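The block underneath contains the structure these notes are about, expressed in structure tokens.
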Amino acid sequence: MKKLVGDISIDTLTTYIEKTRQEKCASGVALVLMQDDKIVYEHYSGTHHSESGARQIDMNSQFNVYSTRVTYIGLAIAIAVVEGVLNLDDYIKKYLPEFSEEILGDTTIRHVVTRCTGLKFRGQEVSRVFELGTHLEGKRPDLLALIHKRATGKTIAEVLTDKVLEPLAMTQTGWMTEGKNTLVCDIKSPASFPTLRLGSNDGADRNLYVSARELALWGNLHLNKGIVGGRRILPEEVFNLTSKVQSPDTLPDTLSKFGFLWWVKDNRTSYEYDELGSELPEGSFQILGASGCSCTVIPKFNAVAVRMYNSLYTTDSDEFDYIGDIRRFGNMVAACLK
């Protein structure tokens, strides 16, 4: 597809992600664009790692999506809320008795899914570092998975396999406990050996591997609020929780807003704090993982954009501008699909 789709061509977007692949020292990249429930463009290049004999990246390649996985945990939490097992405004001390009840205080599940608890956990210790619901912090999907297990008696993976993965025949999405030839290796540095991150299959670990197509289908499931191919998979109420702003009113307008761990575009947010590109319409939502994998959902354009990389090389380096990159990607996607 070389024609002009929006303000820029698909070729321009493809050139950009290839340039980024080189800058990140990733061995492979995948790009999938969906619009109106159809894949309108795919691009695959590179290999599963940089050693000789590596498999070529293709539609079956499964990347470790790292923090993109938190939206899977968020969906499981939302299902539990809609089913009445959890309440968004439940105090987390109800489910985490091993931590100080006094310090947890009035912290709720809402504060955890929108990243504004003000708490710092270290082992079995917890401390308060800022006032509840007033600033942003890192994600704590481990706490959410623990709360979910204690409330429902089921793991994240059990719920999602039963309610999403099996009904949609998503066979290229899974928490990997052992290697297989469709898994794309992580590149930690150009000089290091490629690695796979394996772990438990309970859905709480950073070992979720997904193909680019199935991550796009995941985004499209959210875009269509639980309907796939005319069939309802999950209640609409689940997605009104996950991908609409749930941040508490106490959070300053200028700070980024979240659904259930998805970044949600809110035009009151200061661009200084946001991962979402300035040209993405309000109501768009997005998630980004450490290796560069991302899923951007644009309801206004009825579209989903997924890109996959496999590099952890510049995670702790100032050489690569992660925020600038994901913003540029979002802006270019918006220009292509609007």
Side-chain angles (χ1 to χ4, degrees), residues 65-101 103-126 128-129 132-133 136-165 173 175 199-208 210 218 222 234 237-248 251 256-264 285-290 295:
V65 295
Y66 283 92
S67 284
T68 301
R69 74 189 173 92
V70 302
T71 63
Y72 292 71
I73 294 175
L75 185 67
I77 293 287
I79 291 169
V81 170
V82 169
E83 291 181 347
V85 181
L86 289 172
N87 188 296
L88 186 53
D89 294 311
D90 277 345
Y91 295 133
I92 65 172
K93 60 189 176 186
K94 174 181 177 181
Y95 304 99
L96 303 173
E98 61 266 56
F99 296 105
S100 167
E101 182 176 343
I103 294 174
L104 294 182
D106 292 337
T107 306
T108 66
I109 292 173
R110 180 187 302 275
H111 294 112
V112 184
V113 298
T114 60
R115 300 173 50 175
C116 60
T117 68
L119 300 172
K120 183 175 183 179
F121 292 85
R122 183 172 294 174
Q124 295 297 308
E125 301 296 321
V126 61
R128 180 158 294 285
V129 294
L132 180 63
L136 297 178
E137 64 207 6
K139 301 173 287 291
R140 290 307 305 258
D142 54 329
L143 292 181
L144 290 168
L146 181 58
I147 290 169
H148 179 275
K149 181 63 163 41
R150 289 177 175 176
T152 67
K154 297 181 179 180
T155 67
I156 299 294
E158 285 173 336
V159 169
L160 294 185
T161 298
D162 178 56
K163 294 184 178 294
V164 179
L165 304 185
T173 298
W175 294 267
S200 167
N201 62 356
D202 65 6
D205 287 350
R206 290 187 291 170
N207 61 328
L208 177 61
V210 188
W218 177 255
H222 287 72
L234 288 169
E237 294 84 357
V238 169
F239 301 93
N240 288 336
L241 290 171
T242 59
S243 48
K244 293 186 181 298
V245 173
Q246 304 298 338
S247 299
L251 195 70
S256 297
K257 303 301 184 295
F258 293 87
F260 277 35
L261 296 168
W262 288 93
W263 294 68
V264 182
F285 50 101
Q286 177 177 275
I287 193 69
L288 170 68
C295 181

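Sequence positions, counted from 1, serve as the residue numbers for this chain. Because the structure is predicted, anything quoted here is derived from the model rather than measured.
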Give, for atom [atom1] of [X] and atom [atom2] of [Y], the distance between the pair rounded to the nearest 0.5 Å.
X	Y	atom1	atom2	answer
Leu119	Leu132	CG	CG	7.5 Å
Glu158	Asn201	CD	CG	8.5 Å
Phe260	Thr242	CZ	OG1	7.5 Å
Cys116	Lys257	SG	NZ	10.0 Å
Ile92	Leu104	CD1	CG	5.0 Å
Leu208	Ile156	CG	CD1	11.5 Å

Evaluation steps, side chain to side chain contact (heavy atoms under 4.5 Å, CB included), between Leu96 and Ile147: CA-CA 7 Å; Leu96 303 173; Ile147 290 169; 4.2 Å; yes
For residues [X] and [Y], determine if any side-chain heavy atom of one lies less than 4.5 Å from a side-chain heavy atom of the other.
X	Y	result
Leu288	Trp263	no
Val113	Leu241	no
Glu83	Thr152	no
Thr71	Trp218	yes
Tyr72	Ile287	no

Please work out whether the ring planes of Phe285 and Trp262 are parallel, tilted or perpendicular, with thresholds of 30° and 60°.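 Rings of Phe285 and Trp262: perpendicular, over 60°.
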Within a 6.0 Å radius of atom NZ on Lys244, are there more than 12 heavy atoms belonging to other residues, nucleotides or ligands?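 Counting neighbours around NZ of Lys244, 12 or fewer heavy atoms of other residues, nucleotides or ligands fall under 6.0 Å, so no.
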Can you confirm whether Lys139 is buried at NZ, in the sense that more than 12 heavy atoms of other residues, nucleotides or ligands lie under 6.0 Å from that atom?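 Counting other residues, nucleotides and ligands, NZ of Lys139 exceeds 12 neighbours.
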Taking all non-hydrogen atoms of both residues, which atom of [X] and which atom of [Y] are closest, and how far apart?
X	Y	answer
Leu144	Leu261	CD1-CD1, 3.7 Å
Arg69	Ala204	NH1-O, 2.9 Å
Val126	Ile103	O-CD1, 3.2 Å
Ala151	Leu86	CB-CD2, 3.4 Å
Pro141	Ile73	CB-CD1, 3.5 Å
Thr155	Asp202	CB-O, 3.3 Å

Checking Arg128 against Ser100: is there a side-chain donor and acceptor pair closer than 3.5 Å?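 No.
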So, Asn207 side chain and Ser200 main chain: donor-acceptor pair closer than 3.5 Å or not?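 Yes; judged by distance alone, with no hydrogens or angles, the pair exists.
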Taking the six-membered ring of Tyr91, is the NZ or CZ of Lys94 close enough (under 6.0 Å from the centre) and on axis enough (within 45°)?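 No, a cation-pi geometry is absent between Lys94 and Tyr91.
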Start with the C-alpha distance between Leu234 and Lys163, add both sets of side-chain angles, then the distance that settles side chain to side chain contact (heavy atoms under 4.5 Å, CB included), and finish with yes or no. CA-CA 8 Å; Leu234 288 169; Lys163 294 184 178 294; 4.1 Å; yes
Determine, step by step, whether Ile109 and Asn87 satisfy the side chain to side chain contact (heavy atoms under 4.5 Å, CB included) criterion, reporting the C-alpha distance in whole Å, the side-chain angles of both residues, the deciding distance to 0.1 Å, and the verdict. CA-CA 8 Å; Ile109 292 173; Asn87 188 296; over 6 Å; no
Any pair counted as salt bridge (charged side-chain N to carboxylate O under 4.0 Å, His left out), so long as it reaches residues 113-124, sequence neighbours left out: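 For residues 113-124, and leaving out neighbouring residues, there are no salt bridge (charged side-chain N to carboxylate O under 4.0 Å, His left out) pairs at all.
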With Thr117 as reference, evaluate Arg140, Glu137, His111 under the side-chain hydrogen bond (donor to acceptor under 3.5 Å, both in side chains) test and give the passing residue.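 Exactly one pass, corresponding to Glu137.
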With side chain to side chain contact (heavy atoms under 4.5 Å, CB included) as the criterion, how do Asp90 and Tyr95 come out once you've worked through the C-alpha distance, each side chain's angles and the decisive distance to 0.1 Å? CA-CA 9 Å; Asp90 277 345; Tyr95 304 99; 2.8 Å; yes
Looking at Arg150 and Glu98, is there a salt bridge between them, counting it only when a charged N and a carboxylate O are closer than 4.0 Å?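 Arg150 and Glu98: salt-bridged.
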